[in-house]
Amino acid sequence: MELDERKKKILQAVIRNYLETGEPVGSRTISKFTDLNLSSATIRNEMADLEEMGYILQPHTSAGRIPSDKGYRLYVDTMMEEKAREVVEMKEMLVERQDKMEILLKQVAKVLAQNTRYATLVSAPQTKRNKLKFIQLSRVDVHQILAVIVIEGNVIKNNILQVNEEMSDETLLKLNILLNTTLGGLCIDEINLGMITVMKEQAGIHSDIVSEVIDAVAEAIRAEEALEIYTSGTNNIFRYPELADQEKASELINTFEEKQQLGELLQETFNNGNSTGIQVYIGEETPVQSMRDCSVVTATYELGGGMKGTIGIVGPKRMDYDRVVGTLRTIQTQLDELYKDEFHPGEKKT
């Protein structure tokens, strides 16, 4: 007998309900649990077929059904295929978008430097508080589990966890449900000690895996908070006599090359942006020591979904502020339009 789509959906409903309740599942429960709009009688017939095929069991007369090992195996294999396909698709999409975004932002930095004749820097977009989307635990071998962690922006991190003994499919499923139900949609600073304690209690003898997964989630989110910065026009510094002093210019160029202090500057702009997204630092106001003889104008751009980045223009204190601010406002708008056209074609603009 062939396992058609309807039987697969009923089997999935039986397994999911049993995993949540631990109680045998009846046809009336399944009729409320699925979107098949089938009568209890039809579901009973389908469940009888599934039992005959060995995918579910009836523990005793008049009871509902529970999954068999064969049923668990089909459920896990199907789920793993779907998740693997989702992960591959997301990775391909992410790589394509990252490549396009890098090219776009490098071009923005270059054009700004050419148009203003100042030094420019642009940070790649990031979310202010990255959130966990989902976790998938799967067995690699007897002593290893693969934890796939997907965070906001469809960023995917893989971690191998060591285990002392082989874990059953049912145990892995329950851990997946526990982790995703508790942690899904949270930022790292929303995962508190009380929450972790409850999760470890529910995980029982597998509490160490919960701890390792939380550590991996924290590491993945923090890694994504590192700024990628693109620069252009550093040689423009030599156009201005007050900045062309060899020692000062060398220090300023090193700042652009090493980028650590640039990251601190842009992070401050990112965290403390005002309503316009434009900030002006003049001379001593600049938090970067090597820029104390300069003015720095920064603008925050937003690409939707909480994704934000920063653009900065560095020049002499006698820079053309009106022109620079106007240029940055134009770039803010153009980046928003370009992002919608390149990365979300067909999206309705508001």
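Start at 1 with the first residue, then count along the sequence. Atoms considered below: every heavy atom in the structure, side chains included; atoms not considered: hydrogens, waters and symmetry mates.
- Interatomic distance, Arg318 CZ to Tyr240 OH, rounded to the nearest 0.5 Å: 7.0 Å.
- Of the possible donor and acceptor atoms, none in the side chain of Thr29 sits under 3.5 Å from a partner among the backbone N and O of Val25.
- Remark: side-chain polar atoms of Asn176 are paired, donor with acceptor, to backbone N or O of Leu137 under 3.5 angstrom.
- Considering every non-hydrogen atom in both Pro316 and Ser295, the closest pair reads O-CB, 3.9 Å.
- Leu183 has its side chain within reach of Met195: a pair of non-hydrogen atoms, C-beta onward, lies under 4.5 Å apart.
- More than 12 heavy atoms of other residues, nucleotides or ligands shown are found within 6.0 angstrom of CG on Asp141.
- In the hydrophobic clustering of this structure, Leu193 does not group with Ile214; members are Ile, Leu, Val, Met, Phe, Trp, Tyr whose side-chain heavy atoms approach within less than 4.5 Å, directly or through other members.
- Side-chain atoms of Arg6 and Leu38, non-hydrogen and from C-beta on, do get closer than 4.5 Å to each other.
- Looking only at side-chain heavy atoms (C-beta outward), Tyr72 and Ile15 come within less than 4.5 Å of each other.
- Side-chain contact between Ile66 and Ile56: absent, with no pair of heavy atoms (C-beta onward) separated by less than 4.5 Å.
- Considering OG of Ser138 and CG of Leu173, their distance stands at 11.0 Å, rounded to 0.5 Å.
- Rounding to the nearest 0.5 Å places CZ of Arg65 at 14.0 Å from CG of Asn17.
- One distance of note links OG of Ser211 with CD1 of Ile196; it measures 7.5 Å at 0.5 Å rounding.
- Within the 3.5 Å criterion, the main-chain N or O of Gly283 finds a donor-acceptor partner in the side chain of Thr286.
- A distance-only check finds no donor-acceptor pair linking the side chain of Ser207 to the backbone of Ala203 [under 3.5 Å].
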List the atom pairs, donor and acceptor, that lie under 3.5 Å between side-chain atoms in residues 105-113 and the rest of the protein, sequence neighbours left out.
| from | atom 1 | to | atom 2 | distance (Å) |
| --- | --- | --- | --- | --- |
| Lys106 | NZ | Glu102 | OE2 | 2.9 |

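- Of all non-hydrogen atoms in Ser27 and Ser40, the two that sit nearest each other are CB-O, 3.7 Å.
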What verdict does the side chain to side chain contact (heavy atoms under 4.5 Å, CB included) test give for Tyr301 and Ile331, after you've listed the backbone C-alpha separation in whole Å, the side-chain angles of each residue and the deciding distance to 0.1 Å? CA-CA 8 Å; Tyr301 67 88; Ile331 289 292; over 6 Å; no

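- In this structure, Arg239 places its CZ atom where more than 12 heavy-atom neighbours from other residues, nucleotides or ligands lie under 6.0 Å away.
- At distances below 3.5 Å, at least one donor-acceptor pair connects side-chain atoms of Asn180 with backbone N or O atoms of Ile135.
- Looking at every heavy atom in both residues, Cys294 comes nearest to Leu243 through SG-CD2, 3.8 Å.
- Val213 and Ile205 are not part of a single hydrophobic cluster, where members link through side-chain heavy atoms under 4.5 Å apart.
- When every heavy atom of Leu132 is checked against every heavy atom of Val150, the shortest pair comes out as CD1-O, 3.6 Å.
- The backbone N or O of Thr310 lies less than 3.5 Å from a partner atom in the side chain of Ser123, making a donor-acceptor pair.
- To the nearest 0.5 Å, atoms OG (Ser290) and CG (Leu252) are separated by 5.0 Å.
- Shown here is Gln162, whose CD atom has more than 12 heavy atoms of other residues, nucleotides or ligands within 6.0 Å.
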Trace of the side chain to side chain contact (heavy atoms under 4.5 Å, CB included) decision for Leu328 with Ile278: CA-CA 8 Å; Leu328 287 176; Ile278 303 281; 4.0 Å; yes

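- Classification of Glu170 and Lys174 as a salt-bridged pair holds, one side-chain N sitting under 4.0 Å from a carboxylate O.
- At distances below 3.5 Å, at least one donor-acceptor pair connects side-chain atoms of Tyr321 with backbone N or O atoms of Lys317.
- Annotation: side chain to side chain contact (heavy atoms under 4.5 Å, CB included) contacts of Arg73 (sequence neighbours excluded): Val76, Asp77, Arg139, Asp169.
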Output, in order, the C-alpha distance, side-chain angles, deciding distance and verdict of side chain to side chain contact (heavy atoms under 4.5 Å, CB included) for Glu242 and Asp293. CA-CA 8 Å; Glu242 62 267 47; Asp293 293 318; over 6 Å; no

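- Under the 3.5 Å distance criterion, with hydrogens and angles disregarded, a donor-acceptor pair is assigned to the side chains of Thr42 and Ser39.
- Proximity of Pro287 to Tyr281: side-chain heavy atoms (C-beta onward) are separated by under 4.5 Å at one or more points.
- In Asp4, the CG atom is crowded: over 12 heavy atoms of neighbouring residues, nucleotides or ligands sit closer than 6.0 Å.
- Checking side-chain atoms of Gln332 against main-chain N and O of Thr300 turns up a donor-acceptor pair under 3.5 Å.
- When side chains are defined from C-beta on, Met167 counts as touching Leu175, because their heavy atoms get closer than 4.5 Å.
- Shortest non-hydrogen contact noted between Ala249 and Phe238 is CB-CE2, 3.6 Å.
- With hydrophobic clusters built from ILVMFWY side chains whose heavy atoms lie under 4.5 angstrom apart, Val210 does not share a cluster with Val198.
- With a 4.5 Å cut-off on side-chain heavy atoms, Glu51 and Leu57 do not count as touching.
- Distance check: Leu178 CG to Ile209 CD1 gives 11.0 Å after rounding to the nearest 0.5 Å.
- Heavy atoms only, all atoms of each residue included: Lys70 and Met53 are closest at NZ-O, 2.8 Å.
- In terms of modelled atom types and a separation under 3.5 Å, the side chain of Ser68 and the main chain of Tyr55 share a donor-acceptor contact.
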Check against side chain to side chain contact (heavy atoms under 4.5 Å, CB included), Phe256 and Val314: CA-CA 10 Å; Phe256 271 82; Val314 181; 3.8 Å; yes

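- Taking a 6.0 Å sphere around CG of Asp69, one finds it holds 12 or fewer heavy atoms contributed by other residues, nucleotides or ligands.
- In this structure, the side chains of Leu19 and Ile177 come closer than 4.5 Å at one or more pairs of heavy atoms.
- Within the 3.5 Å criterion, the main-chain N or O of Met199 finds no donor-acceptor partner in the side chain of Gln202.
- Side chain to side chain, Ser232 and Thr120 fail the donor-acceptor criterion of an N or O pair below 3.5 Å.
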